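First comes the structure, then the notes that go with it.
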Amino acid sequence: MEKVLVALSGGVDSGVAVHLLREAGYDVYGYTFLTSGSAEDRKEVAEDAGLVADFFSIPHKIEDIKDEFEDSVVSYFLREYTEGRTPNPCVYCNRHIKFPKLLAAADAWGIDKVATGHYVRVEEGLLKRGLDSRKDQSYVLCQLASDDISRFIFPLGEYSKGKIREIAASISLPVAHKGDSQEICFIPNDDYKAVIRAYPDRYKEGNFVDKEGNILGRHQGLPFYTKGQRRGIGIALGHPVYVTGLDPYTNSVFLGGEDELYGSEFQVESMNYLAPGYEELESFEAAVKIRYLSEAVPCRVYPLKEHRAAIALSEPGKSITPGQYGVFYNGDIVIGGGVISK
RNA sequence: UGGGGUGUCGCCAAGUGGCAAGGCAGCGGUUUUUGGAGCCGCUAUUCGUUGGUUCGAAUCCAGCCACCCCAG
């Protein structure tokens, strides 16, 4: 029987993943890492994951990597905000922590295949969107190393979330009724600003400025704003005002009307290709997601040197935000993704 | 101090005798493996104040208070 190491989060998805893999005839091993939160939170995750492992009677290893996680993901999170960008820690974590850790654990166990409960598919060495377009999570995997793709198994990619919950209930999975995980895993109560405030040396008050350079008011610090943001600005001009940009050099937050949010061209850096052949092209047609929750829109991509690329959208996009990832698709196939730089 | 003007929710602002529009901001919900956005909902028993007229006033009258402008 071929072995596979599953990332067990203690939730519904990874639990059902174990089930589906066994049904498919795999010899399943479980691996859980504890990344953040209080000692209590981590204990709870460990217990839930242990519950699932016991339920299936599979070997299970738990590793606490809080320090490493904070050095990597949390510092990235703070750094990006400090520099006026808006990070996506999940994408970063998948690339730098989650999948490397999983693969390393698999190597240590002498296991080739690794699996997670992500709603994506792998076919012929290509990463593809999950069939349930509403739950598709290919976006957050855009930075994975293409060489590793062939080692991945994503058992949930063919299913809808509803079906997964059905399965969880039908096999009486102990955690079947847990809600979907949300929020960033290291942010308690969905309050990222509270986390930022724990690092008062990383930000300072500054001016809200309009397109003409007029000072409109005071902001609390760059990390508390993101391009396209409307609420929480506290300025009444009679019409809605949005954050149109952040300038770390003058510590300014630019404000403007909705019309100032649209753009048709941008660039990405740290471009990572998951599908072969594209990087060498002069340019290519694709569909791009500008953020996790958005429809992919048609564009033309021009690969540049040093892992950069220039993108021209066929229709203007709203709030193209530096720090977020642009992920490119050809139909269901993930071509790759990079960090929006400007 | 004379002359004029204004005073309605945090901001702007309708309303000129019949039981306080709206926008912005704010708040809540929804959505979501990031931040946002969007969507839905909530938000002045009260109109600077005190009296008066009236069946009834934020809307009419008078006094007072505050602010603004022009004179000086």
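These numbers were taken from a predicted model, which means no experiment stands behind them. The figures here come from the full heavy-atom set of this structure, side chains too, leaving out hydrogens, waters and symmetry mates. Quick note on labels: first sequence line is chain A, next is B, and so on, each numbered from 1.
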| query | Does a side-chain N or O from A:Tyr119 land closer than 4.0 Å to OP1 or OP2 of B:rU32, or not? | reply | no

Would you tabulate the nitrogen or oxygen pairs shorter than 3.5 Å linking the protein to nucleotides 26-30 of chain B?
from, atom 1, to, atom 2, distance (Å)
B:rG26, OP1, A:Gly232, N, 2.6
B:rG26, OP1, A:Ile233, N, 3.2
B:rG26, OP1, A:Gly234, N, 3.3
B:rC27, N4, A:Arg231, NH2, 2.6
B:rG28, O6, A:Arg231, NH2, 3.4

| task | Tell me whether the guanidinium CZ or amine NZ of A:Arg291 lies under 6.0 angstrom from the six-membered ring centre of A:Tyr325 and within 45° of its axis. | result | no

| task | Tell me, please, whether A:Tyr242 has A:Lys318 positioned over its six-membered ring: NZ or CZ under 6.0 Å from the ring centre and within 45 degrees of its axis? | result |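 Ring-cation test returns yes.
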
| query | Can a donor-acceptor pair be found between the side chains of A:Tyr119 and A:Asp13 at a distance below 3.5 Å? | reply |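 Yes, because at least one side-chain N or O of A:Tyr119 sits under 3.5 Å from a partner of the opposite role on A:Asp13.
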
| message | For a stem of at least 3 consecutive Watson-Crick or G-U pairs with distances under 3.5 Å, i pairing with j, i+1 with j-1 and so on, which stems involve RNA chain B? | response | B:1-7 with B:65-71, B:10-12 with B:22-24, B:26-30 with B:38-42, B:48-52 with B:60-64

| said: Going by side-chain hydrogen bond (donor to acceptor under 3.5 Å, both in side chains), name the residues that satisfy it together with A:Asp191, two or more places apart in sequence or in a different chain. | reply: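 A:Asp191: no side-chain hydrogen bond (donor to acceptor under 3.5 Å, both in side chains) contacts found.
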
| note | Taken in chain and number order and not counting sequence neighbours, the residues that satisfy side chain to side chain contact (heavy atoms under 4.5 Å, CB included) with A:Arg22 are A:Val18, A:Val28, A:Phe56, A:Ile58

| request: For A:Tyr192, answer base if it contacts any base atom (sugar-phosphate contacts may also be present), sugar-phosphate if it contacts only those atoms, and nothing otherwise; contact means non-hydrogen atoms under 4.0 Å. | output: sugar-phosphate

| message | Please classify the nucleic acid contact of A:Tyr139 as base, sugar-phosphate, or nothing, using heavy-atom distances under 4.0 Å. | response | nothing

| query | For the rings on A:Tyr192 and A:Tyr81, is their centre-to-centre separation under 6.0 Å? | reply | yes

Let me check something: any side-chain donor-acceptor pairs from residues 306-316 of chain A under 3.5 Å, sequence neighbours excluded? List them with distances.
from, atom 1, to, atom 2, distance (Å)
A:Ser314, OG, A:Pro298, O, 3.2

| request: Residues of residues 308-324 of chain A with any non-hydrogen atom less than 4.0 angstrom from an atom of RNA chain B: list those, numerically ordered, please. | output: A:Lys318, A:Thr321, A:Gln324

| task | Report the distance from atom CD of A:Glu258 to atom C1' of B:rA37, rounded to the nearest whole Å. | result | 9 Å

